[in-house]
Amino acid sequence: MGLVADASSVPLRNRKEHRLIIASIHGGGHVLDATAVVAGYGGKTILQRLDLHIRAGEIYALLGANGAGKTTTLSLFLGFVTPNAGRVRVHGIDPVTQPDEARRHLAYIPENVALYEHLTARENVAYLLDLAGQGGDPGAIDAALAAAGLAAAAYDRRVAGFSKGMRQKVAIALALARRVPALLLDEPTSGLDPQATAEFNRLLGVLREQGVAVLMVTHDLLSAADVADRIGFLDAGCLLEEVGAAGADRFDVRALHRRYGGQAA
Ligand SMILES: Nc1ncnc2c1ncn2[C@@H]1O[C@H](COP(=O)(O)OP(=O)(O)OP(=O)(O)O)[C@@H](O)[C@H]1O
């Protein structure tokens, strides 16, 4: 169980301070940390000295053209791709040498969330929590489903009929119930209508408030600009530019679209 996730038990006014304490424990507060990573498949190098550092309570959107290496970056943190050089850490844990331990501190939500179709939303979260070795009490599961924004009327419905947005809410409820310090998202808003996208973005705000470090791979520049604290642009395995939501490098969506629209979209 991650320390950062315990932020939920900290009174709201103290959470920022709590995050700063946790940040100091984890070397600069980088829950997701890749330093000078070179990685690829077989003899082919895909990531070229990638540096990516994401703090507790930060939402980072990674954009880039098809084949730029975005999914490979997620696979690095999941321990499915081994770097040829450089260093990767998840909550201070090396996913190469301790993949199971690293994954215990991560939730990964793929583009299409896979759930047990014949089980209800509540049953899915309970069962998947059990599989993760973290059985939760029913009250905690309901609280997670509520925090994820699933309508109470859907808790006891089989997920077979759920939309993509509802499935994501179940997956996020599971991440909240597991109290993971880091969340990886692959194309979360593709196929969502504008209302579901806005709802999803609000949900990411809840994760931020809980101190979760979020890495979101997306082609959706508008949504990234709406919700992210930082946006990074990957091109042929290199991070071309990083822009922030605040300060001097605050992002200007129009300018970003002019520069990267053709690549990101
Ligand atoms: N398992 C694999 N074995 C060999 N090559 C792979 C493998 N997975 C990805 N690649 C190659 O690595 C490169 C980067 O792929 P990756 O999926 O990381 O890109 P991406 O930025 O996520 O692209 P997209 O936006 O299309 O999902 C591509 O050239 C791809 O063909």
Side-chain angles (χ1 to χ4, degrees), residues 8 12 57-64 66 70-71 74 107-117 119-125 128 141-178 180 183-233 243 245-246 250-257 260-265:
S8 59
L12 198 62
E58 183 179 30
I59 299 174
Y60 189 107
L62 187 63
L63 280 85
N66 294 125
K70 303 182 296 296
T71 303
L74 296 183
Y108 167 58
I109 304 188
E111 185 172 353
N112 294 303
V113 175
L115 295 168
Y116 290 92
E117 300 295 307
L119 299 182
T120 67
R122 245 189 199 131
E123 289 166 346
N124 262 284
V125 176
L128 291 165
I141 292 172
D142 282 9
L145 285 166
L150 192 74
Y155 291 5
D156 290 319
R157 275 173 45 201
R158 290 184 182 194
V159 302
F162 277 19
S163 65
K164 171 169 174 160
M166 291 168 83
R167 286 165 182 274
Q168 283 177 328
K169 288 175 183 175
V170 175
I172 286 181
L174 177 65
L176 289 169
R178 284 181 57 211
V180 288
L183 179 65
L184 306 178
L185 297 158
D186 202 353
E187 297 280 354
T189 56
S190 81
L192 291 186
D193 64 38
Q195 191 190 333
T197 299
E199 221 177 299
F200 180 80
N201 288 346
R202 267 198 303 279
L203 193 45
L204 290 187
V206 172
L207 291 159
R208 176 197 281 128
E209 186 53 50
Q210 299 269 330
V212 179
V214 178
L215 172 57
M216 170 170 79
V217 157
T218 184
H219 289 284
D220 185 348
L221 178 59
L222 276 183
S223 184
D226 201 26
V227 74
D229 299 302
R230 273 191 301 152
I231 303 180
F233 294 92
V243 290
R250 183 186 174 82
F251 41 68
D252 169 349
V253 179
R254 282 172 188 240
L256 289 178
H257 186 69
Y260 298 108
Q263 291 178 32

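Remember, it's a predicted structure, so these values are computed and weren't measured experimentally.
With sequence neighbours excluded, the residues satisfying side chain to side chain contact (heavy atoms under 4.5 Å, CB included) with Ala107 are Ala175, Arg178, Val180, Leu183. Residues that satisfy the salt bridge (Lys or Arg N to Asp or Glu O under 4.0 Å) test with Asp229, not counting sequence neighbours, are Arg208. With sequence neighbours left out, the side chain to side chain contact (heavy atoms under 4.5 Å, CB included) criterion links Ala173 to Val125, Ala144, Leu145, Ala148. Residues satisfying the side chain to side chain contact (heavy atoms under 4.5 Å, CB included) test with Ala228, not counting sequence neighbours, are Ile59, Ala61, Ile231. Every salt bridge (Lys or Arg N to Asp or Glu O under 4.0 Å) that Arg167 has, sequence neighbours left out, goes to Glu117.
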List the steps and the verdict of side-chain contact (heavy atoms from CB on, under 4.5 Å) for Leu115 and Val170. CA-CA 9 Å; Leu115 295 168; Val170 175; 4.0 Å; yes
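Residue pairs meeting the side chain to side chain donor-acceptor pair (under 3.5 Å) criterion with at least one member in residues 143-157, sequence neighbours excluded: Arg122-Asp156.
The backbone N or O of Leu62 sits nowhere less than 3.5 Å from a side-chain atom of Lys70 that would complete a donor-acceptor pair. Looking only at distances, a side-chain donor or acceptor of Thr120 sits under 3.5 Å from a matching main-chain atom of Glu123. For the pair Lys169 (side chain) and Ala151 (backbone), a donor-acceptor distance under 3.5 Å is absent. Between the side chain of Gln168 and the backbone N or O of Pro188 there is at least one donor-acceptor pair closer than 3.5 Å.
When every heavy atom of Leu215 is checked against every heavy atom of Leu74, the shortest pair comes out as CD2-CD2, 3.7 Å. For the pair Glu199 and Gly149, the tightest heavy-atom approach, listed with the atom from each and the gap, is OE2-O, 4.4 Å. Closest approach of Phe162 to Ala154, counting heavy atoms only: CZ-O, 3.5 Å. Minimum interatomic distance between Ala224 and Met216 (heavy atoms only, all atoms of both residues): CA-CE, 4.3 Å. The two residues Leu192 and Gly165 make their nearest non-hydrogen contact at CD2-N, 3.7 Å.
Residue Glu111 holds its CD atom at 9.5 Å from OG1 of Thr218, rounded to the nearest 0.5 Å. How far CG of Asp186 is from OG1 of Thr71: 4.5 Å, rounded to the nearest 0.5 Å.
Counting only heavy atoms from C-beta outward, the side chains of His219 and Asn66 approach each other to under 4.5 Å. Looking at Asp220 and Leu63, their side chains never come closer than 4.5 Å, going by heavy atoms from C-beta outward. In this structure the side chain of Phe200 never reaches within 4.5 angstrom of the side chain of Val227, judged on heavy atoms. With a 4.5 Å cut-off on side-chain heavy atoms, Leu204 and Leu185 count as touching.
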